[in-house]
Amino acid sequence: MIEVTKALEIVAANSSTLSTQKISVRKALGYILAETIYSPISMPPFRQSAMDGYAFIHSRRHQFDVVGISQAGDHANIKLKENHAVRIFTGAYVPKDADTVVMQEDVMVNGDSILIAKMPEPFANVRSKGEQINAEDVVFDANTLITPAAIGFLACLGITEITVYKKPKVAILVTGNELVQPGKKLPKGKIYESNSLMLQAALQTIGVNKIKVHTVKDNLKATKKALQSILKKNDIVLISGGISVGDYDFVKEALLKNGVEELFYKINQKPGKPMFFGSKKDTLVFALPGNPASSLTNFYIYVYPAVKNKMGFSNTHLPKIIRKLDSEIVNNTGKTLFLKALYNETSVTILEGQASSMLNSFAIANGLVIVPHDIENIKKGASVTILPID
Ligand code: AMP
Ligand code: MG
């Protein structure tokens, strides 16, 4: 059995980034860039009006004759004199001679001439060329997460393909004779299978979408066989249940028989002690406890950073926040505790129902409070560390 900090070190040391691939920007949401991107153009590519109004040469003059129109998409270099203005619209090319745009709300129109009632500052309402980025400048450094806004920015620069780190292929192998799929009638002695849906949802929050779920009965031969092909085809294998010490827990033996190297087994924590971590070639194996709250806790603590490492994220762990405890915590277990909790702006409440089987409390929690194994008591009002999971 090892401590949480050691287990985290081992997971980090074994989860290297996947190889890279070129993909279309339109499919790049949630990927991490594997290259520095330079801009092929300046943005805006020309001086643009930021308003619907009139472009003119700033002076002391307030009265102008309107001598032309520049609509979005036009590129006419209308010659201007000091007493001339051009009717212009948002996003339209600002003729070379003009330096300022007045918004139409500040103008009185009289036939072909205008009177500016509220004079803007010189250069107002003109977006300069390259205001956002100049041609050849860095758009994004490597390891940037591609968000919707990043996709928009790449598209507005005309970039259609980028190189990103691959996302991992993940398999979830569910063990347990007692499990029935939700939607089916529940026979006596059985329970609904919930871990696979929960783990899939948790993976989706990090952007993993290549997930296959397999199920197997509590049987060594079947587990061994199922693992054989799953290990070959996936970057990460999550196993639910069967990793404890019961007579029908066959996962560890099946993994070892399949040539998976054990990197650790059992962690000095609560919940989530019976967990196995290993690898075969570049495939990582997390055999998670079957108890649902243990399973999800260990997902957040160990699987989450490993997946993020594989995907190329630079920040791989959940962020940590600090809040004041609104009740005392006693830890006489000698284990690291991960307590389901609800935090707000200032304080944190430890929820009722901390047993490893309980999802009722987890389902309303927005954080896990960490109590280190060597801390026996935390007083009400003291600061604690929380991993936000909302
Ligand atoms: P195990 O780790 O296989 O000994 O399972 C521990 C507990 O978790 C038992 O009460 C199981 O019935 C329950 N359990 C195991 N797998 C699942 C699952 N996929 N969904 C819901 N509960 C499960
Ligand atoms: Mg079981």
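Remember, it's a predicted structure, so these values are computed and weren't measured experimentally. When a ligand or atom number is given, it counts from 1 through the structure's own listing order.
Close approach of ligand 1 to E193 is summarised as follows: ligand atoms under 4.0 Å from at least one heavy atom of the residue are 18 (C), 19 (N), 20 (N). Ligand-side atoms of ligand 1 in range of V174: 19 (N), range being under 4.0 angstrom from any heavy atom. Listed by number with element, the atoms of ligand 1 under 4.0 Å from a non-hydrogen atom of G242 are 1 (P), 2 (O), 3 (O). Each of the following atoms of ligand 1 lies closer than 4.0 Å to a heavy atom of S240: 16 (N), 19 (N). Proximity to G241 (heavy-atom distance under 4.0 Å) selects the following atoms of ligand 1: 2 (O), 3 (O).
Under 4.0 angstrom from ligand 1, there are no non-hydrogen atoms of I243. At a 4.0 Å heavy-atom cut-off, ligand 1 touches E178 through the side chain alone. Residue contacts with ligand 1, taken as heavy atom pairs separated by less than 4.0 Å, involve P292 solely via side-chain atoms from C-beta onward. Of the heavy atoms in N195, both backbone and side-chain atoms come closer than 4.0 Å to ligand 1.
Look at Y192 and you'll find a heavy atom under 4.0 Å from some atom of ligand 1.
Among all non-hydrogen protein atoms, the one lying nearest atom 4 (O) of ligand 1 is D249 OD1, 4.0 Å. Among all non-hydrogen protein atoms, the one lying nearest atom 7 (C) of ligand 1 is N291 OD1, 3.3 Å. Counting protein heavy atoms only, atom 23 (C) of ligand 1 is closest to G290 O, 3.5 Å. Among all protein heavy atoms, the one lying closest to atom 22 (N) of ligand 1 is I191 CD1, 3.5 Å.
For N258 (side chain) and A254 (main-chain N/O), a donor-acceptor pair under 3.5 Å exists by modelled atom type. Looking only at distances, a side-chain donor or acceptor of R47 sits under 3.5 Å from a matching main-chain atom of A98.
The two atoms that bring T316 and K308 nearest to each other are O-CD, 3.4 Å, heavy atoms only.
Relative ring orientation between Y304 and Y300 is described as tilted, the plane-to-plane angle lying within the 30° to 60° band. The aromatic rings of H75 and F46 sit perpendicular, their planes meeting at an angle over 60°, well past the 30° parallel limit.
A salt bridge links K252 with E262; the closest basic N to acidic carboxylate O contact falls under 4.0 Å. Classification of E3 and K6 as a salt-bridged pair fails, no side-chain N sitting under 4.0 Å from a carboxylate O.
The heavy atom nearest to atom 21 (C) of ligand 1, out of those in S294, A287, S194, is found in S194.
Here's the thing with S244: none of its N/O atoms is less than 3.5 angstrom from an N/O atom of ligand 1.
If you chain together ILVMFWY residues whose side-chain heavy atoms come under 4.5 Å of each other, F140 ends up grouped with I23, V25, L29, Y31, L33, I37, I41, M43, I133, V139, I146, I151, F153, L154, L157, I159, I162, V164.
Rounded to the nearest 0.5 Å, atoms NE2 (H214) and CG (L238) are 11.0 Å apart. For the atom pair OG of S361 and NZ of K340, the computed distance is 5.0 Å after rounding to the nearest 0.5 Å.
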